[in-house]
Amino acid sequence: LIDHALEVCADAGVGRIVVNLHYRGDQLAAHLQGRDVQVSWERDQLLETGGGLRAALPLLQGNPVLTLNSDVVWTGPNPLSQLVAAWDADRMDALLLLLPAAQTRGHTGKGDFAVAADGRISRGQGGEDHIYIGAQLLRTEGLIDMPDGPFSLNRLWDRQIAAGRAFGIVHQGGWCDVGNPAGIAEAEAMLKDAHVS
């Protein structure tokens, strides 16, 4: 999975790559040795999505940043390239890659976001039929005043949504959540005859 994520980064032309480690961190660090990546460790405490990204900021040295979950797989157009092509710095603080819940594989539960005609995302209005599929382009200023320790990126997204600066685009390919053992076979089947371009 980490190799798949790194291939997506390479294909999108991403220069500086930071890998966030916690679970089986030593094993992953050994696997990544000799590659052109920086490593951000969560050795003592799991920091969640927001805390982990905040801890990695000194290594990322950029704003906005692309983030990519490694426990999912994509087919079709490169997810990061899609985000970069759609980014509008004048209007956006966040651009999330989404997929209608009915088109996802390996995912259970309701959607995360509703998407307006202009691409702005919202939630809590009964129309959350799109799933966040693990890739985004994000301004990081809002992470600075978050408390130390673990927190979810949902806290930052909610601020950006309230300000009208959080957007989403729909991925033009397939997606599968591999965050549980049942998703592995489904992801392998999806990838068998597909690729990320």
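Computed from a predicted model, the values in this text were never measured in an experiment.
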Atom NE2 of His130 and atom NZ of Lys110: how far apart are they, to the nearest 0.5 Å?
15.0 Å
Has the side chain of Arg139 got a donor or acceptor atom that lies under 3.5 Å from a matching backbone atom of Val65?
no
Would Leu60 and Val37 show up in the same hydrophobic cluster when neighbours are defined by side-chain heavy atoms closer than 4.5 Å?
no
Which heavy atom of Ser122 sits nearest to which heavy atom of Glu128, and what is that distance?
O-CG, 4.5 Å
Shared hydrophobic cluster, Val19 / Leu57 (ILVMFWY, side-chain heavy atoms < 4.5 Å):
no
Between Trp157 and Tyr132, what is the ring plane arrangement, given parallel below 30°, perpendicular above 60°, and tilted in between?
perpendicular
Heavy atoms, side chains only, cut-off 4.5 Å: are Cys9 and Leu80 in contact?
yes
Taking atom CD of Gln82 and atom CG of Leu137, what is their separation to the nearest 0.5 Å?
12.5 Å
Does a side-chain heavy-atom distance below 4.5 Å link Met146 with Leu156?
yes
Measuring from atom CD of Glu141 to atom CZ of Arg159, what distance do you get when rounded to the nearest 0.5 angstrom?
12.0 Å
Measure from the side-chain N and O atoms of Arg16 to the backbone N and O of Gln38, and report whether any donor-acceptor pair falls under 3.5 Å.
no
How close do Asn78 and Ala12 get, counting heavy atoms only, and between which atoms?
OD1-CB, 3.5 Å
Decide yes or no for Pro79 and Val8: does some side-chain heavy atom of the first lie under 4.5 Å from some side-chain heavy atom of the second?
yes
Ignoring hydrogens, what is the shortest heavy-atom contact between Ala135 and Leu68? Give both atom names and the distance.
CB-CD1, 3.8 Å
For the hydrophobic clusters of this structure (ILVMFWY residues joined by side-chain heavy atoms under 4.5 Å, transitively), does one cluster hold both Val84 and Leu98?
no
Going only through I, L, V, M, F, W and Y residues with side-chain contacts under 4.5 Å, is there a path from Val18 to Leu32?
no
Side chain to side chain contact (heavy atoms under 4.5 Å, CB included) between Arg105 and Trp175: does it pass, once the steps are laid out?
CA-CA 6 Å; Arg105 297 177 75 164; Trp175 175 84; 5.9 Å; no
For a 4.5 angstrom cut-off between non-hydrogen side-chain atoms, does Asp26 reach Trp41?
yes
Quick check for you: to the nearest 0.5 Å, what is the distance between Trp87 atom CH2 and Met92 atom CE?
7.0 Å
Please assess Ile131 against His107 for the test side chain to side chain contact (heavy atoms under 4.5 Å, CB included), listing each intermediate value before the final yes or no.
CA-CA 9 Å; Ile131 303 296; His107 176 81; 3.2 Å; yes
From the list Ile121, Leu96, Leu138, Leu153, side-chain contact (heavy atoms from CB on, under 4.5 Å) with Gln160 holds only for Leu138
Just verifying a value: how many Å separate Ile133 CD1 and Leu97 CG, rounded to the nearest 0.5 Å?
4.0 Å
Should we count CG of Asp44 as having more than 12 external heavy atoms under 6.0 Å?
no
Is the number of heavy atoms from other residues, nucleotides or ligands within 6.0 Å of CG (Asp36) greater than 12?
no
Are Val73 and Val178 packed together at the side-chain level, in the sense that at least one heavy-atom pair is separated by less than 4.5 angstrom?
yes
With side chains defined as the heavy atoms from C-beta onward, is the minimum distance between Trp74 and Val72 less than 4.5 Å?
yes
Side chain of Asn69, backbone of Asp71: donor and acceptor closer than 3.5 Å?
no
Closest non-hydrogen atom pair between Ser70 and Ile2, with its separation:
CB-CD1, 4.3 Å
Pairwise side-chain contact, Val170 with Pro100, heavy-atom cut-off 4.5 Å (strictly under)
yes
Show your working on side chain to side chain contact (heavy atoms under 4.5 Å, CB included) between Ile169 and Leu83 and close with a plain yes or no.
CA-CA 8 Å; Ile169 58 169; Leu83 291 165; 4.1 Å; yes
Tell me whether Ile144 is reachable from Leu53 by hopping between hydrophobic residues (I, L, V, M, F, W, Y) whose side-chain heavy atoms are closer than 4.5 Å.
yes
Over all atoms of both residues, closest heavy-atom pair of Pro77 and His171:
O-CE1, 3.2 Å
Within-4.5 Å side-chain heavy-atom neighbours: Arg165 and Asp90:
no
Between Asn20 and Val39, does the side chain to side chain contact (heavy atoms under 4.5 Å, CB included) criterion hold? Intermediate values first, please.
CA-CA 6 Å; Asn20 189 31; Val39 174; over 6 Å; no
Do we see a donor-acceptor contact under 3.5 Å between the side chains of Asn154 and Arg123?
yes
Looking only at side-chain N and O atoms, does Thr67 offer a donor or acceptor that is under 3.5 Å from a partner on Gln136?
yes
Using a 3.5 Å distance criterion without hydrogens, assess whether the side chain of His31 forms a donor-acceptor pair with backbone atoms of Asp3.
no
Here the pair of heavy atoms bringing Val115 nearest to Gly168 is CG1-O, 4.3 Å
Roughly how far apart are Leu47 CG and Phe151 CZ, rounded to 0.5 Å?
8.5 Å
